[in-house]
There are 2 protein chains.
Amino acid sequence: MGQQNALHRRVRPGAVTLKHVAERAGVAPITVSRAINTPSSVSASLRAQIEEAVAELGYVPNRVAGMLASAHSRIVPVIVPSLSNAVFIEVIQGVQTVLEAEGYQLLLGNTQYDLDRETELVSTLLGWSPAGIIVAGLRHAERTEALLRGCNRPVVEVMEAGRPIDMNVGLSHLKAGAMMGRHLIERGYRRIGFVGGRLEADYRAMQRYRGLDRALAEAGLARRPPFEHPDSSSPEVGGRELLAVLRQAPELDALFFANDDLAVGALLCAAREGIAVPKRVAIAGFNGFGIGALTSPALTTIVSPRRDIGEIAARKLLARVAGSPAGPARVDVGCRLAVREST
Amino acid sequence: MGQQNALHRRVRPGAVTLKHVAERAGVAPITVSRAINTPSSVSASLRAQIEEAVAELGYVPNRVAGMLASAHSRIVPVIVPSLSNAVFIEVIQGVQTVLEAEGYQLLLGNTQYDLDRETELVSTLLGWSPAGIIVAGLRHAERTEALLRGCNRPVVEVMEAGRPIDMNVGLSHLKAGAMMGRHLIERGYRRIGFVGGRLEADYRAMQRYRGLDRALAEAGLARRPPFEHPDSSSPEVGGRELLAVLRQAPELDALFFANDDLAVGALLCAAREGIAVPKRVAIAGFNGFGIGALTSPALTTIVSPRRDIGEIAARKLLARVAGSPAGPARVDVGCRLAVREST
DNA sequence: AACAATGATGGTTGCGCTACCATGGTCGGG
DNA sequence: CCCGACCATGGTAGCGCAACCATCATTGTT
């Protein structure tokens, strides 16, 4: 701090600006601006002249200045609770595909499943005058919600279906959990447990548990609290949990894991330990990661259209920015049960 | 375009600015600026007054304006060739951990292994007046290199060790490939093949192949061109490739896969198809993803410190921004052979 | 032929903030 | 008790660009 170094200088030496290009091309700065932003509004001959000057000088437009002048940026922050979880990566990929095609930039925020961190991020990122904002989840701190509500920009809440601040793209995790619960019951399993990690933070996993619980209740079967572990989900943890749960509750004949990372780990661990799946215990996951289809036995899971969520969210956001119809405020992308060998 | 909608208005209605806070607090705007950016330079009483005004008005500083005024932003673009590959995700995570702790924001760029796309991205992202820039790889288009060289900001090239534009954090993929090659030879394998995807694009994988090739040459063993496939790497592709390669070249007794995604897929496929690993064919990977330790047999691989690469890169970049010593321009983080059951 | 409609170009202004310099007040040493 | 050092605060200017409106040339219309 305080220390005056080269990067904090007011004027970056040698910076080429619009003005320089304009002088070189013999036109007014505004014309250069137009040649860059709305080429169709400049005559072909001038445009060629300007493009030449741009190339010669190596001009790179200062987006920051443009943004300040127009109060409109091509930045879209995406706020997710975690990057370790591949689900969010795929959503981000979907968003990015759409954004980059339209010349927008993705600004990444990671809350680590902390609602206060989320407030902080939203506040900071709104300072970038973003075109809109994409946030994972429908539950936020009060202040976060106030910020999002008052920011006067398109806001898309993704991952779960529900009542959004502005727009929403996701699926019902409750339904997904119930769907898996009914499948397991239909298959003849009667003592079904749920294994998840940090359920107080990952409330979408908790919703899946609730769905399972509801299915169990409907069928008049024994309901159990979920098995939790403190670490973030990974195959390693899944394997460890499988052993721990079977030791603790050997009567269980089916386990619904909160996600495929855990479930695949459990499957591999079972193979290694000689635990017969699904004979001794059935194993199910959630997500539909490709690897689940390759294990032996292959994993029964619920496939969610993760990439689609990102793409749809980005498209709705951009539609609103452009003022074109964005379609319904709420999109339920649904999910699909993939029955394989592990149940 | 052309269409005038709410988001393109010059003045965003109801936007609270520094000035409003200053009026409310009864001080000059510059004092509010200082209270926010360098709180220690404002007396405690004024600071409290200002903080109150900020809270009352719900003021969110406009970073864009600040950036323009100071020609210095807290943005760091990270340009990677792919998000599908978990390696880059972990590097990004490492970068983000460090950046967020210092109040910096990560701007994500994805080249899809396309050098022209990279040039475009670098050009665009430099328009954000970033504090510095992190790019995967040492090979760039000429214009990209010119831009990076001339941008007068810290540039960190990550993933591979070599001669950087500015700074470099990575490892030698050639050495890594040779390390695995020597391991396989030492284990008694004599007919060793390499399986990768899109090697013309993923030249780091190609380097690993070259390392293997060198080890084979040193040992006087038969060298073969790599087996390639056109899709991006995934476990599914790895399984398919295992079968295809064994059909095409049944004499092979060991396969070095370009990465763990492929190798794990091959391992799972082998288990399913009853191909004995390592008896019929040994399988090795590269990366050291956790799941490789869980398969049966467990995967022999080379563990690269991916997260460290991101963290070190971000720290070096921030050190340079702050003007403090950033350490050596080149950091070779090395890698480690993890010998497990699959070889 | 006169005029409106359209399109291309330029001048001026200000986005919100911070660098820079100036000012005035407080304090300790001589 | 005065002077210079130092700190807290304020005034001014300008970062680079695009919105807005004005101007001028061109075209089509009656």
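Below, chains carry the letters A, B, ... as their sequence lines are ordered, and counting in each starts from 1. Just the heavy atoms: all of them, side chains too, but no hydrogens, waters or symmetry mates, feed the values below.
Listed nucleotides dG16(C), dC17(D), dT18(C) differ in distance to Ser33(B); the shortest reach to its side chain belongs to dT18(C). When each of dG16(C), dC17(D), dA18(D) is scored by its nearest atom to the side-chain atoms of Thr17(A), the top-ranked nucleotide is dC17(D). If you check dG10(D), dG16(C), dG10(C) against the side chain of Thr31(B), the one that comes closest is dG10(D). When distances are taken from the side chain of Ala69(B) to each of dG14(D), dG16(D), dA8(D), the shortest belongs to dG14(D). Here the nucleotide nearest the side chain of Val42(A), chosen from dA19(D), dG16(D), dT9(C), is dT9(C).
Here Ala28(B) lies in heavy-atom contact (under 4.0 Å) with sugar-phosphate atoms only. At the heavy-atom level, Ile30(B) lies under 4.0 Å from base atoms of the strands shown. At the heavy-atom level, Val64(A) lies nowhere under 4.0 Å from the strands shown. Residue Arg34(A) is in base contact, counting any heavy-atom pair closer than 4.0 Å across all strands shown.
OP1 or OP2 of dA18(D) lies within a sub-4.0 Å distance of a side-chain N or O belonging to Asn37(A). OP1 and OP2 of dG16(D) both lie 4.0 Å or more from every side-chain N or O belonging to Tyr59(A). Residue Ser43(A) places at least one side-chain N or O closer than 4.0 Å to OP1 or OP2 of dT9(C).
Taking atom CH2 on Trp128(A) and atom P on dC17(C), their separation rounds to 13 Å, with Å as the unit. In this structure, Leu68(B) places its CG atom 9 Å from P of dC15(D), rounding to the nearest Å. In this structure, CG of Leu18(A) is placed 19 Å from P of dC15(C), rounded to the nearest angstrom. For the pair Ile36(B) CD1 and dA19(C) C1', the computed distance is 17 Å after rounding to whole Å. Rounded to an integer number of Å, the gap from Leu46(B) CG to dC7(D) C1' is 13 Å. Note: CZ (Arg47(B)) to P (dA8(D)) measures 10 Å, nearest angstrom. Separating the CD1 atom of Ile50(A) from the C1' atom of dT9(C) is a distance of 10 Å, rounded to the nearest angstrom. Taking atom CD on Gln49(A) and atom C1' on dA8(C), their separation rounds to 14 Å, with Å as the unit.
Remark: the backbone N or O of Ser129(A) is paired with a side-chain donor or acceptor of Ser73(A) at under 3.5 angstrom. Judged by distance alone, the side chain of Ser123(A) and the main-chain N or O of Thr119(A) form no donor-acceptor pair under 3.5 Å. Within the 3.5 Å criterion, the main-chain N or O of Glu160(A) finds a donor-acceptor partner in the side chain of Asn168(A).
Using a cut-off of 4.0 Å between Lys/Arg side-chain N and Asp/Glu carboxylate O, Asp166(A) and Arg320(A) are scored as salt-bridged. Salt-bridge annotation for Glu100(A) and Arg117(B): present, with a side-chain N of the basic residue lying under 4.0 Å from a carboxylate O of the acidic one. Salt-bridge formation is detected for the pair Arg307(B)/Glu311(B): a Lys NZ or Arg NE/NH1/NH2 atom is positioned less than 4.0 Å from an Asp or Glu carboxylate oxygen.
When each of Ser45(B) and Gly66(A) is assigned the nucleotide of DNA chain D with its nearest heavy atom, Ser45(B) is the one assigned upstream, toward the 5' end.
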